[in-house]
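Below is one structure; the comments refer to it alone.
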Amino acid sequence: MQILSGALDTMNPTIGIALLLAVLQVSRGQKVTSLTACLVDQSLRLDCRHENTTNVPIQHEFSLTREKKKHVLHGTWGVPEYSYRSRTNFTSRYNIKVLYLANFTTKDEGIYTCELRLSGQPTQSSHQNISVLRDKLVKCEGINLLAQNTSWLLLLLLSLSLLQATDFISL
C-alpha cells in the first residue's frame, strides 16, 4: 500500500482517485455473503451467495476438508480430484454459485468451503466454510421458495394487498 500511496502523490489527483476506486471495487467485488447446505434427493447442494459489484470475472473453488486434508471438488483454479469429477454438477448465476455433489454419504461429511477471487487477483480472495453432517442436513425443498425467491414472495403478498385495497379482488 505504501507503493500505491507514493504513486498517488506523484500523479494527477483525478487519476489517483480513479485508481483507488478501481482497487476498492476489485477488493469488494467477490465477497462471499453466505454458504448454505441442504439435501436434494441423495445429492448435497451447496449455495455460495456473493456480492457482484464488478465486471471482472469471478473465479471459484469448492472444496471439502476431511481429516485435515483438503479435497478440491470443483473450480476454476486448482485441479478437482478425480473421484469427485463425475459426482459434481455446477451452476452459476449473477450472485450465486451452486454445487451439487451426487450420492452424498457420511463419507462425504466435513468442512465445505466456497472460495471466490477475481480474475487477475490471486492474492485477494473471500471464502466461507460450513460444517456438513448428513443427519443434520435439511431438505432443500423446504427452504427453496423462501431462500431463493424472497423478493417474488414479497411482491406477491404486496400485490394481493394492493389489489384488495382497490377492490379488484376480495379475499
Side-chain angles (χ1 to χ4, degrees), residues 1-5 7 18-151:
M1 206 61 177
Q2 187 176 5
I3 294 169
L4 180 61
S5 166
L19 180 62
L20 183 60
L21 288 175
V23 168
L24 289 175
Q25 180 183 14
V26 165
S27 67
R28 290 203 59 224
Q30 84 290 347
K31 182 180 178 192
V32 177
T33 57
S34 71
L35 179 61
T36 58
C38 58
L39 273 179
V40 178
D41 297 322
Q42 295 302 313
S43 294
L44 173 67
R45 175 178 160 173
L46 297 168
D47 290 359
C48 182
R49 296 181 187 283
H50 58 88
E51 292 178 355
N52 193 353
T53 59
T54 180
N55 293 330
V56 176
I58 297 175
Q59 295 181 322
H60 70 278
E61 181 178 88
F62 283 91
S63 61
L64 162 64
T65 302
R66 187 179 61 236
E67 299 172 2
K68 297 182 182 180
K69 184 174 187 237
K70 178 181 171 181
H71 306 273
V72 176
L73 305 174
H74 190 275
T76 53
W77 76 84
V79 179
E81 290 188 21
Y82 180 78
S83 61
Y84 292 106
R85 287 184 195 169
S86 64
R87 295 176 55 203
T88 58
N89 186 10
F90 174 78
T91 60
S92 179
R93 289 186 224 133
Y94 177 74
N95 64 345
I96 185 171
K97 306 211 176 317
V98 180
L99 182 78
Y100 291 90
L101 179 61
N103 304 316
F104 181 76
T105 68
T106 55
K107 292 178 182 178
D108 298 313
E109 293 179 339
I111 307 291
Y112 284 81
T113 302
C114 172
E115 184 176 359
L116 303 178
R117 61 176 117 165
L118 296 177
S119 294
Q121 300 291 321
T123 58
Q124 295 180 350
S125 68
S126 175
H127 73 278
Q128 283 207 3
N129 301 326
I130 187 169
S131 179
V132 176
L133 300 172
R134 181 158 173 81
D135 62 347
K136 303 281 186 195
L137 284 172
V138 296
K139 297 233 181 256
C140 294
E141 292 82 16
I143 62 170
N144 234 357
L145 179 64
L146 294 176
Q148 289 194 337
N149 298 318
T150 304
S151 59

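Quick caveat, the model's predicted, so the values are computed rather than measured.
Contacts of Arg85 classified as side-chain contact (heavy atoms from CB on, under 4.5 Å), with partners at least two apart in sequence or in another chain: Val79, Pro80, Tyr82. Listed by chain and number, the residues in a side-chain contact (heavy atoms from CB on, under 4.5 Å) with Leu39 are Phe104, Arg134, Leu137 (sequence neighbours excluded). Applying the side chain to side chain donor-acceptor pair (under 3.5 Å) test to Thr76 and every residue at least two apart in sequence or in another chain returns nothing.
Legend: disulfide (SG to SG under 2.5 Å) pairs involving residues 75-104, not counting sequence neighbours: none detected. For residues 55-102, the set of pairs meeting the disulfide (SG to SG under 2.5 Å) definition, not counting sequence neighbours, is empty. Applying the salt bridge (charged side-chain N to carboxylate O under 4.0 Å, His left out) test to every pair with at least one member in residues 118-130, sequence neighbours left out, gives no pairs at all. Residue pairs meeting the salt bridge (charged side-chain N to carboxylate O under 4.0 Å, His left out) criterion with at least one member in residues 52-76, sequence neighbours excluded: Glu61-Lys70. Every pair tested for disulfide (SG to SG under 2.5 Å) that includes a residue from residues 50-113 fails, sequence neighbours excluded, so the list is empty. Evaluation of the ring pair (Phe, Tyr, Trp, His ring centres under 6.0 Å) test over residues 55-75, restricted to residues two or more places apart or in two chains, returns His60-His74, His60-Phe90, His74-Phe90. Sorted by first then second residue, the disulfide (SG to SG under 2.5 Å) pairs that include residues 50-81, not counting sequence neighbours, number zero.
Atom CG of Leu64 is separated from atom CD1 of Ile111 by 9.0 Å, given to the nearest 0.5 angstrom. One distance of note links NZ of Lys31 with CD of Gln124; it measures 14.0 Å at 0.5 Å rounding. Atoms OG and CG, from Ser86 and Asn89 in turn, are 11.5 Å apart once rounded to the nearest 0.5 Å. To the nearest 0.5 angstrom, Lys97 atom NZ is 12.5 Å from Asp47 atom CG. Within the model, atoms NZ of Lys107 and OG of Ser83 stand 11.5 Å from one another, a figure rounded to the nearest 0.5 Å.
Residue Asp41 qualifies as open at atom CG: its count of foreign heavy atoms under 6.0 Å is 12 or below.
Minimum heavy-atom separation, Ile96 to His50: N-NE2, 3.5 Å. Smallest separation of non-hydrogen atoms from Glu109 and Asp135: OE2-N, 4.4 Å. In terms of heavy-atom proximity, Ala37 sits nearest to Leu44 at CB-CD1, 4.0 Å.
The side-chain heavy atoms of Cys48 and Val32, taken from C-beta on, include a pair separated by under 4.5 Å.
In this structure a side-chain-to-backbone donor-acceptor pair under 3.5 Å is present from Asn52 to Tyr94. Formation of a donor-acceptor pair under 3.5 Å by the Arg87 side chain with backbone atoms of Ala102 is found in this model.
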Show me, pair by pair, the donor-acceptor contacts under 3.5 angstrom made by side chains of residues 112-119, not counting sequence neighbours?
from, atom 1, to, atom 2, distance (Å)
Tyr112, OH, Asp108, O, 2.5
Thr113, OG1, Asn129, OD1, 2.6
Glu115, OE2, Ser125, OG, 2.9
Arg117, NH1, Pro122, O, 3.3
Ser119, OG, Pro57, O, 3.2

